[in-house]
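For the numbers below, each heavy atom of this structure counts, side chains included, while hydrogens, waters and symmetry mates do not. Small disclaimer: the values here were computed from a predicted structure and weren't measured.
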Amino acid sequence: MDSAPGARPETPPGTSPSILELRIHGVANALPYGALGLPRGEVTQSDGDGLGSFWVPTPAAEARDRALPPGDVHAIRPDVRREAYSWGAMARLGGVPFGGVLGVVGAVAVRLLWAAMVPFGLVNAAYWARRIPAPVPAAHRPTVRDTPTGSLRPDPTAALTRVFSLGLTLLFVSAVATVALSVVGTRCIGLAAPGPDALVPVCARIPEALDGLARLDVGDRLALLSLAPVLLVAILVAVAHSGQVRFESKFSVMRAGRTVPPSGPPLHRAGFWSRRSGSGLLWAHLGAALALTGQYLTWTRYADAGLPAPGLPLVALVVILGACVFVALRTDDDGVQAVTPRWKARAGLAVFAAGLLVWLLACAACLAGPQPERMPALIGLDLVPALLGVGLGGIAATGLAWRTARSTRAVAAWTAVPVVATACVGVVLVTQPGPGLRHLLVAVALLAVLSPVVVVLAAMLLRRRATEGWNGAGPGVFLLVSLAAAAVYSSLLVLGVQWALRTGEHPAPEPLGGGLVGVARTVPDPELVRVPPVYTEFGTASVVIALVFLVLLVVAAAGPYVIDTLRSRELWIPRAPRTPGPPYGPAAPAWRAVADAPDPDGGANPVLERVLRGRQVAAMSHRVELAVGALAAACYVAALVAHIPLVARHDGTDVVQVPQWLSSLAVPALGVLAATLVASALAGASGGVPGRPWGLLWDLLCFLPRSAHPFGPPSYAERVVPEVRSRVDAWLTGADIADDAERARVAPQRRVVLSGHSMGGVLAAAVILIRAGNPVPRTAPDGADGRLGLLTYGVQLRPFFGRFFPDLLGPATTGLPPSTGPAWSADPWGGQVEAAARDERAAGSGPGTVPAAPLTPEGPEPGSGEQATLLSLLTCGAKPAWVNLWRRTDFLGFPVMGYGENDVDRGAEEMDRSAYLFAVATHSGYPASWAYHEALDEVIGRLTPAGQSGAQPAVTQRGEPG
């Protein structure tokens, strides 16, 4: 039986605590009082603002909890100062413009816009899932004012990701331009009939506020409606940057320290979380959007449109290609504090100025032109979205093979895939060749897009990258899901407006007489209110995605669970090794019931049955990688199905249509998606705190810096990591002590334990890594100083972040053993559990005596001067000052070293010790567990002690309270 925590070190009266326990919440965004386990009125803010803040118990609550016996849910060690850091507001709407002015309607609209930014966030995830190059050697780096700087060579994967992000922007612009210019401007508002009492046919569902547009010339009307896509881009920029939470108002101690040259993994680099000088990327997107809008206005089929500058569409194409080249050449990030060449910023502004000029000239051409005799056909709106879909699909397909390719030239060769596919489709759509050549070009385009699958299948069969997410296909998976989401959003907008405008009633025409133009509202012929075929195919693709995903999801994720329910005996999933439990108190009987193995000959154990069901449900959610892979495969299939009808012709005249039953499902499927989006927005708008769409996905996307798409969600980590690091440095250096002599006496005795839950554990790891890359003056850059410990619980560091972003948080950075993905079985980690048991039996060691896992799989020992890892930075003695808690009932918590016994991982009891009634603990409640208090003692015991001896203290001995 585990014993209770023994007597804690006593702090002499009048002496302040020497150990800072800093709790950092996770994606659940626990409020400060919840993170400290106290009522709302027993916490007070000690520092920070409305976005990032530090909280401590009130003096009365702190004095009460310090007097509690060791092991109590709320007990505080005498030598510990307990704080909570709150960052949840950074991943929320915060002070979004017009959100409060318009009330609930405005808040819902803004949340829908934030949901529309998810594809942009997925592109940023794809950017950080690719191979991240090393900086240029120090001998080739420029220096400015004796400050070490760095630079990066152009990388083809970064270029393709940023070109993909630019294509997403243009796809959204195309959707809004289709609604404004085509559906409303030329389809639902017609030409005025000649005569003294002229009437303009208008769709019955067009709002009366737009009657003024009907009385304008077509050119004037289109010029005014072209403001719609421009306003969309402006709103996206405003929403994306309204959540800006960069750490600019303060400077941590690291700013006063020395900055080491950038080297090693990105999270070691001093500039990774600092402000990026990439405003040129935003200007390039804005310029390309304006140029494309101008191209849509002037690329018409009829010469009588009255355009004085017929070559303007070609100029717009040059501006868009220039924006592609600019974003492809941008290399000033990846954590390198680079001195951006002046030409880059100027080039970005030049692209914006050129795009603005093209749009203004196009508007002037429309305003100056005479009223045409027939409605002009805007060719660009029919062709460009189709070409964008093919090009983006080709880039996403190549992303599946980026990590598998072993050289830069091999990756650069994949650029031919989107180029060839887009060129073939462009020739078919523009020139409309004969059947033979048409089918040949279609076949070449499809083979080009399918070619990366061969590499992916080979990697899966050979298992060369089994320790990377989706066998190294992570960038492509993120890009495919991003493209599918953008396509669904675009078709949802276009087809939704089309469906709404095709209905209505037939009101009587209202001629004004006197030579004035009247409005004749009618229900239009469905063929009149037509949209480019690409959006119908996008809608069809959403049905294909849903059908294929459901099938693959059942097979890949839910299949093993369904099979398990049909078994005669219930699946047994063991608890986490080395799980301590309370030997006394109300939770002790439940703990003993859960700790016992099932007895086939004994009676029913209702407590164990409930916990076992919780383990099985959590195991099903652990197959999320398989589910996302199935979604990406469905998106891949849908992308091919959606584009075949665009390029293949039937009998040389009509477009080949998908089956009628499939296309008829497009609008209902999109309607369901629209209702889901609105429901999620309303759910986020309810409650007393600002919400965010799809909480877990949103917070995961917001962790990564915004380096690929400027409209992506802002990165809260760009403020959290420096802010927490600043608090750590301030505590260790005694910055809160005014007297110099007292500071010199107290500071060496201080220690810090970062206590991170879920995403908070990842943030804490980033804080420790950035201190290695940019240390305070007294800390060695290649090792640990023994004053900083880590306590994590419910984290996804190894099986999620380490696999999905190998170059950010993989084994080379963390020092953790590599992890394979979940298996297709009822217990996705059963194979790793059995392998760990075999290793223990082969070692001939009993429980508790298994040798500690190596510090790194291939890395150096601490203090060797070579590349430091997270584990080595936490290791000054025999064991690292890191304990990780996890439980098998946690749907988002995993071990960090493995499923066997080791020096870092510990199990946490699977019941909520703080609850009055029995409740199975899942992803929350770790600080209230018995294991948490033992783990905190263990981490503190592994830190170097205060004083000059440097001896490693023993772990606190435990015994039941006297």
For residues [X] and [Y], determine if any side-chain heavy atom of one lies less than 4.5 Å from a side-chain heavy atom of the other.
X	Y	answer
L501	R187	no
L216	L213	yes
L480	L400	yes
L181	T186	no
R706	F120	no
L483	F164	yes
L166	R162	no
L290	V358	no

[atom1]/[X] to [atom2]/[Y] distance, rounded to the nearest 0.5 angstrom?
X	Y	atom1	atom2	result
L429	D382	CG	CG	9.5 Å
L232	T169	CG	OG1	9.5 Å
L168	F711	CG	CZ	11.0 Å
S174	L493	OG	CG	11.5 Å
Y127	L704	OH	CG	11.5 Å
N124	M117	CG	CE	9.5 Å

Keeping [X] on the side-chain end and [Y] on the backbone end, is there a donor-acceptor pair under 3.5 Å?
X	Y	result
W402	W414	no
T293	S226	no
S491	V488	yes

Contact summary for [X] and [Y], nearest pair of heavy atoms:
X	Y	value
A323	A288	CB-CB, 3.9 Å
C702	P713	SG-CB, 3.5 Å
L225	G185	CD1-CA, 3.5 Å
G355	V319	N-CG1, 3.8 Å
A486	F172	CB-CE1, 3.8 Å
C424	V444	SG-CG1, 3.8 Å

**OP:** Start with the C-alpha distance between F478 and W470, add both sets of side-chain angles, then the distance that settles ring pair (Phe, Tyr, Trp, His ring centres under 6.0 Å), and finish with yes or no.
**Re:** CA-CA 11 Å; F478 287 119; W470 305 285; 5.7 Å; yes
Original post:
Run the side-chain contact (heavy atoms from CB on, under 4.5 Å) check on C363 and L297 step by step: do they pass?
Top reply: CA-CA 8 Å; C363 291; L297 285 174; 4.0 Å; yes
Original post:
Taking the six-membered ring for Trp, are F352 and W283 parallel (under 30°), tilted (30 to 60°) or perpendicular (over 60°)?
Top reply: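 It falls in the tilted class, 30° to 60°.
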**OP:** Could you verify whether a donor N or O on one side chain and an acceptor N or O on the other, from Y296 and T178, lie under 3.5 Å apart?
**Re:**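 No, no side-chain donor-acceptor pair sits under 3.5 Å.
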